[in-house]
Number of protein chains: 2
Amino acid sequence: MVESSAPRRTRIQLEKRELILEAALEVFSTNGFRGSTIDQIAEAAGMSKPNLLYYFRRKEDIHETLMQRLLDTWLAPLRELDDIGDPLTELRNYIRRKLEMARDFPRESRLFANEILQGAPRIMPMLEGELKTLVDEKANVIKGWMRAGKIARTDPWHLIFSIWATTQHYADFDVQVRAVLGPDRGGDGRFEDAARFLEQLFIDGLKPKN
Amino acid sequence: MVESSAPRRTRIQLEKRELILEAALEVFSTNGFRGSTIDQIAEAAGMSKPNLLYYFRRKEDIHETLMQRLLDTWLAPLRELDDIGDPLTELRNYIRRKLEMARDFPRESRLFANEILQGAPRIMPMLEGELKTLVDEKANVIKGWMRAGKIARTDPWHLIFSIWATTQHYADFDVQVRAVLGPDRGGDGRFEDAARFLEQLFIDGLKPKN
DNA sequence: CAAATTTTTGACCGGTTGGACAAACGTTAG
DNA sequence: CTAACGTTTGTCCAACCGGTCAAAAATTTG
């Protein structure tokens with residue numbers, strides 16, 4: 001097999017490309033793709049625009065590279081959802097891991113949200129392919145738990161959606177969450193509060209115990 | 001009291017301004033503020049760019065007007081949440097109304113999401129003022145229900161967040177939802193499925209009944 | 001060292017964008 | 001009819017943006 005089209009990279013290439021991707025993540029996630037300029041990214045990366053374009057020849061290339069990396073790590077928690085172990089515990093852990101990702105990687109979450117909001121023009125094939133396959137697979141795992149009476153019967157797909165929605169909300173709508181909670185409760189503790197609340201919601205719902 | 005600074009408007013002014021706002025909602029909600037051009041909005045409204053600028057002197061003025069209108073209708077369901085009636089029913093109705101809004105006004109939802117995602121630069125005062133006041137007030141209503149043993153004790157603020165997140169998800173992440181559900185289940189029925197699922201989630205959680 | 005290669009930069013370009021402006025057009029009231 | 005007023009448009013501009021290019025600077029290689 002021939003050496004494919006993957007360009008060979010020097011040490012500097014690798015380092016600078018990382019620098020640019022880090023800067024681009026910051027800029028893209030707060031301004032969106034069209035709202036961000038190459039100059040902004042270059043300045044955030046501490047280099048001139050033509051220099052940046054030496055490492056990524058087009059603005060879209062940066063975004064694409066960023067997106068490819070993101071998707072792998074972003075779906076890792078769902079991939080880990082496994083049939084071994086207690087179902088309720090397994091789901092609780094999935095929710096916790098997703099919430100930790102919203103806390104630790106809010107920029108990645110916003111980058112993804114931005115892309116989806118605008119109709120996912122650049123990652124549509126991946127949504128209909130890789131993502132759908134993964135979700136269908138995990139939905140079947142959850143269906144098995146329901147048939148075994150381990151968790152209540154409900155729609156597994158919408159269950160997954162609701163976990164995505166509630167956890168990513170703390171990254172994507174962070175400013176709103178902090179504004180509403182106020183300076184007292186909007187501090188670092190809000191993720192622990194959210195974790196406690198979500199666990200209770202997903203396990204027991206709102207019906208009083210009696 | 002003197003006639004305040006509100007400009008007087010002719011019939012045509014009122015009609016054309018509506019036309020522009022409708023077109024701008026369409027364009028802004030799919031491309032974001034910076035991603036939208038005055039030309040796009042003008043074309044969607046069926047007029048020339050200078051003509052549009054005769055009715056709104058700056059691009060930002062359109063966005064601001066749109067945002068002000070949005071916020072009133074957007075928070076209406078929460079305002080209706082009332083102390084009269086059965087708490088669980090009241091919450092169930094709130095969730096249903098919010099989900100209907102995600103179904104019937106997805107553009108408004110995306111416009112709002114776009115603004116929050118970018119750090120809410122134009123509506124921050126409203127989040128810390130009007131919105132926080134309203135949410136605090138309703139959180140106290142919910143707290144009353146908890147004290148009375150009508151619903152399980154939990155964090156009312158995060159409860160409200162979770163309702164926002166799960167319902168708006170079906171507007172903001174619509175393309176992802178449809179891609180994952182596929183052509184069979186991603187059709188018009190998805191909102192009924194979501195309504196059923198969310199009701200069960202919020203009332204009973206996932207713990208099996210036995 | 002010197003040659004070869006990689007990296008960095010300033011200057012530049014064509015296209016787009018938000019917005020200004022004056023002139024043309026249409027409408028209405030006297 | 002005509003003057004006044006409201007509406008529409010073609011033209012123009014300065015700023016911005018993505019991207020090119022050639023040449024300079026730095027680094028690696030022999």
Side-chain angles (χ1 to χ4, degrees), chain A residues 3 5-67 111 114-115 118 121-122, chain B residues 3 5-67 111 114-115 118 121-122:
Chain A
E3 181 70 24
S5 61
R8 79 184 52 160
R9 311 219 194 275
T10 69
R11 177 185 51 83
I12 291 185
Q13 290 255 357
L14 292 174
E15 285 174 8
K16 296 274 165 137
R17 282 175 65 94
E18 286 307 311
L19 202 69
I20 291 168
L21 288 172
E22 159 66 24
L25 175 60
E26 185 72 28
V27 175
F28 279 145
S29 67
T30 56
N31 301 111
F33 181 75
R34 288 212 49 186
S36 305
T37 72
I38 299 182
D39 270 313
Q40 282 175 339
I41 301 172
E43 193 194 334
M47 63 181 68
S48 64
K49 180 171 69 168
N51 196 10
L52 182 149
L53 285 167
Y54 170 72
Y55 293 103
F56 291 90
R57 284 165 61 193
R58 294 181 308 143
K59 183 185 174 186
E60 263 203 79
D61 291 349
I62 310 175
H63 191 266
E64 199 183 311
T65 306
L66 224 40
M67 216 46 123
L111 181 68
N114 253 310
E115 176 71 10
Q118 324 243 322
R122 294 167 243 273
Chain B
E3 182 69 24
S5 60
R8 81 183 51 159
R9 310 218 193 275
T10 70
R11 179 182 50 83
I12 291 183
Q13 291 255 355
L14 292 173
E15 284 173 9
K16 297 275 166 131
R17 282 173 66 95
E18 286 308 312
L19 202 69
I20 292 168
L21 289 172
E22 158 65 23
L25 175 59
E26 185 70 30
V27 175
F28 279 145
S29 66
T30 55
N31 301 111
F33 181 75
R34 286 211 52 185
S36 305
T37 72
I38 299 182
D39 270 316
Q40 283 175 339
I41 301 172
E43 193 194 335
M47 64 180 70
S48 65
K49 180 170 71 167
N51 196 9
L52 183 149
L53 286 167
Y54 170 72
Y55 293 103
F56 290 91
R57 284 164 61 192
R58 294 181 310 144
K59 183 184 174 186
E60 260 204 80
D61 292 348
I62 311 176
H63 191 265
E64 199 183 311
T65 306
L66 223 41
M67 216 48 123
L111 182 68
N114 252 310
E115 175 71 10
Q118 324 243 321
R122 293 166 243 273

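All figures in this text were calculated on a predicted structure; none of them were measured in a lab. The chains referred to below are lettered A, B, ... by the order of the sequence lines, with proteins before strands, and numbering in each begins at 1.
- Two residues are said to be in side-chain contact when any heavy atoms from C-beta on lie closer than 4.5 Å; Arg122(B) and Glu64(B) fail this criterion.
- Each of Met47(A) and Arg34(A) lies near DNA chain C, and the nucleotide nearest Met47(A) is the one positioned closer to the 5' end.
- A donor-acceptor pair is defined here as one N or O able to donate and one able to accept, closer than 3.5 Å; such a pair exists between the side chain of Lys59(B) and the backbone of Phe33(B).
- The side chain of Pro50(B) sits closest to dT9(D) out of dT9(D), dG6(D), dT8(C).
- The environment of CZ in Arg57(B) is sparse: at most 12 heavy-atom neighbours from other residues, nucleotides or ligands sit within 6.0 Å.
- Between the P atom of dC13(D) and the CG atom of Leu53(B) lies a distance of 18 Å, rounded to the nearest Å.
- Set against dT8(C), dT17(C), dG10(D), the side chain of Thr37(B) has dT17(C) as its closest nucleotide.
- Lys59(B) contributes no side-chain N or O that forms a donor-acceptor pair with the base of dG19(C) under 3.5 Å.
- Rounding to whole angstrom units, OH of residue Tyr54(A) and P of dT27(D) are separated by 13 Å.
- Neither OP1 nor OP2 of dT7(D) sits under 4.0 Å from any side-chain N or O of Asn51(B).
- For the pair Arg57(A) CZ and dT7(C) P, the interatomic distance rounds to 15 Å; values are reported in whole Å.
- Contact between the side-chain N/O atoms of Ser48(A) and the OP1/OP2 oxygens of dT9(C) is found at a separation under 4.0 Å.
- Although no hydrogens or angles enter the test, the distance criterion places no donor-acceptor pair under 3.5 Å between the side chain of Arg34(B) and the main chain of Arg34(A).
- Residue-environment remark: CD (Gln40(A)) exceeds the threshold of 12 foreign heavy atoms within 6.0 Å.
- Between the CZ atom of Phe56(B) and the P atom of dT8(D) there is a distance of 14 Å, given to the nearest Å.
- The CG-P distance, from Asn31(B) to dG18(C), rounds to 11 Å in whole Å.
- Taking atom CD of Glu15(B) as the reference point, atom C1' of dT27(C) lies 15 Å away to the nearest angstrom.
- Distance, Arg17(A) CZ to dT7(C) P: 11 Å, rounded to whole Å.
- For the pair Phe33(B) CZ and dT17(C) P, the computed distance is 14 Å after rounding to whole Å.
- Regarding contacts with the backbone of dT6(C), every side-chain N or O of Lys16(A) stays at 4.0 angstrom or more from both OP1 and OP2.
- Under 4.0 angstrom from either OP1 or OP2 of dT7(D) there lies at least one side-chain N or O belonging to Gln13(B).
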